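Report on one structure; see the data block that follows.
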Amino acid sequence: MRYARISGTGSFLPERIVSNSELALELSTRNILTSDRWIVERTGIHQRHLAKSNVTSSQLAIEAAKLALNKAHLEPLDLDLIIVATSTPDHVFPSTACLVQTALGATKSAAFDIQAACSGFIYALIIAENFICAGNMQNLLVIGSEVFSKLIDWNDRNTCVLFGDGAGATVVTASLTSGIISTHMMSDGNLTDILSVKGNIANGKIIGDPFLRMDGQSVFKKAILALEDSARLVCDRANINPNDIDWFIPHQANIRILHLVAQRLGISMKKIVITLDKHANTSAASIPLALDKACNDNRIKPGDLVLMQGVGAGFTWGSVLMRI
Ligand SMILES: CC(C)(COP(=O)(O)OP(=O)(O)OC[C@H]1O[C@@H](n2cnc3c(N)ncnc32)[C@H](O)[C@@H]1OP(=O)(O)O)[C@@H](O)C(=O)NCCC(=O)NCCS
């Protein structure tokens, strides 16, 4: 049996940390009212990292990728494929993955981006697993990288307090012993309106709204149902009970979503890896950022069973159950 195993993780966050109180103060100068208390109570977020306006997704991705390769004891020339999941690419084209490839000097690799919003990393990991299981690739780099601050309407308190910037990278390697056990991915294009950035570039102009818009309550309700269903499906396929997992790494959007999903699945709260308090929602980067954190602080150990779940615009969602 050939498995896809995560052999290295890395992450990178912009230096600037903005606390809820600092953000609330800044917004108050434009008569937009929010508070640390509201944000913490309704979301669990305490702070976020925000990139400078000239920083791009590829720059964050390159730093995270170098660390992941180092952990995997691999060189860029060992890579067969680079996939970057992002909704904030540097350009329309070339892909952010090609920019990462050239910066690393991974000249024996193919490279492309995928866009599945906050589910992007899970989608990309499942694509990587399929290349490995098909038998024609050995080492892949799967990255989630975002400068979501560029999509935020900083006059909309419903959304601007929720997001942050960052990148997480994983090296995915073919293995005969352990790795990804079961996966699931799904979309519902009927729900495009509940979370979107509808603007596009045409004829030298931005056509339509360039900012993120969200019906928070609809997203909240759909996310819980989708994540619960998807988790049950991957656990059933692997013939395990959800509480048999050692670590639960859901997309880091809202602490109430994380708690409700874990509760419905019977997963102990102690098993949830939480980084949204420090990072806020970093979209496609949130899961690899959390995975890297929990590997680095030795919570996740070799042999552990880990369930990762993404959910986001599209509507898209999915799960990966893996043995570390
Ligand atoms: C966005 C979210 C935090 C809002 O929480 P909520 O409990 O649903 O809050 P509501 O939207 O009902 O708003 C409640 C009140 O707070 C207000 N409010 C919204 N944002 C606020 C803010 N930043 N500060 C203070 N008040 C705020 C609303 O205007 C509303 O006021 P009203 O009752 O006077 O109309 C929550 O819906 C959510 O997390 N949804 C999922 C979002 C998500 O995960 N998105 C990414 C998916 S990948």
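Order of appearance sets the numbers: ligands from 1, and atoms from 1 within every ligand. Computed from a predicted structure; not experimentally measured.
- By the definition of a contact as any protein heavy atom under 4.0 Å away, atom 44 (O) of ligand 1 is in contact.
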Pair Lys198-Asp193, salt bridge (Lys or Arg N to Asp or Glu O under 4.0 Å): steps then yes or no
CA-CA 9 Å; Lys198 292 237 169 119; Asp193 284 342; 2.5 Å; yes

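- Put simply, Leu74 and Leu140 are part of two different groups of oily side chains (I, L, V, M, F, W, Y) that touch within less than 4.5 Å, one to the next.
- By the 6.0 Å contact criterion, CD on Glu22 is enclosed, its count of non-hydrogen atoms from other residues, nucleotides or ligands being greater than 12.
- Within 6.0 Å of CG in Asn203 there are 12 or fewer heavy atoms belonging to other residues, nucleotides or ligands.
- Phe248 and Met185 sit in two unconnected hydrophobic clusters of ILVMFWY residues. Membership requires side-chain heavy atoms under 4.5 Å apart, directly or through other members.
- For ligand 1, the atoms lying closer than 4.0 Å to a non-hydrogen atom of Val161 are 23 (N).
- Of all protein heavy atoms, the one lying nearest to atom 41 (C) of ligand 1 is Gly216 O, 3.5 Å.
- For atom 32 (P) of ligand 1, no protein heavy-atom neighbour is found at a distance under 4.0 Å.
- Among Arg157, Arg37, Arg42, Arg256, the residue whose heavy atom sits closest to atom 17 (C) of ligand 1 is Arg157.
- Within a 4.0 Å radius of atom 19 (C) of ligand 1, the protein contributes at least one heavy atom.
- By the 6.0 Å contact criterion, CG on Asn239 is open, its count of non-hydrogen atoms from other residues, nucleotides or ligands being 12 or less.
- The proximity of Val311 to ligand 1, defined as any non-hydrogen pair under 4.0 Å, is limited to the backbone.
- Screening Ile224, Ile194, Val311 for a side-chain contact (heavy atoms from CB on, under 4.5 Å) with Val219, the sole residue that qualifies is Ile194.
- Looking from atom 47 (C) of ligand 1 to the surrounding protein, the closest heavy atom is Val219 CG1, 3.6 Å.
- Contact annotation: for Asn158 versus ligand 1, heavy atoms closer than 4.0 Å belong to both the backbone and the side chain.
- Of the protein's heavy atoms, none falls inside 4.0 Å of atom 35 (O) of ligand 1.
- At the top of the distance list for atom 24 (N) of ligand 1, counting protein heavy atoms only, stands Thr34 OG1, 2.7 Å.
- Applying side-chain hydrogen bond (donor to acceptor under 3.5 Å, both in side chains) to Glu146 and the options Thr86, Asn281, Thr282 leaves one that passes, Thr86.
- Atom 4 (C) of ligand 1 has its closest protein heavy atom at Trp38 CH2, 4.0 Å.
- Few gaps surround NZ on Lys150; more than 12 heavy atoms of other groups in view lie less than 6.0 Å from it.
- The protein non-hydrogen atom at the shortest distance from atom 46 (C) of ligand 1 is Asn281 ND2, 3.5 Å.
- The heavy atom nearest to atom 48 (S) of ligand 1, out of those in Cys160, Cys118, Ser218, is found in Cys118.
- The atoms of ligand 1 that sit less than 4.0 Å from any heavy atom of Ala253 are 44 (O).
- Of the charged side-chain nitrogens involved, none lies within less than 4.0 Å of a carboxylate oxygen, so that Arg299 and Asp304 do not count as a salt-bridged pair.
- The residue from Gln217, Gln252, His251 that puts a heavy atom closest to atom 8 (O) of ligand 1 is Gln217.
- The proximity of Asn254 to ligand 1, defined as any non-hydrogen pair under 4.0 Å, is limited to the side chain.
- The contact set between ligand 1 and Thr43, taken as ligand atoms under 4.0 Å from a residue heavy atom, comprises 3 (C).
- Heavy-atom neighbours of Arg237 CZ from other residues, nucleotides or ligands within 6.0 Å: above the threshold of 12.
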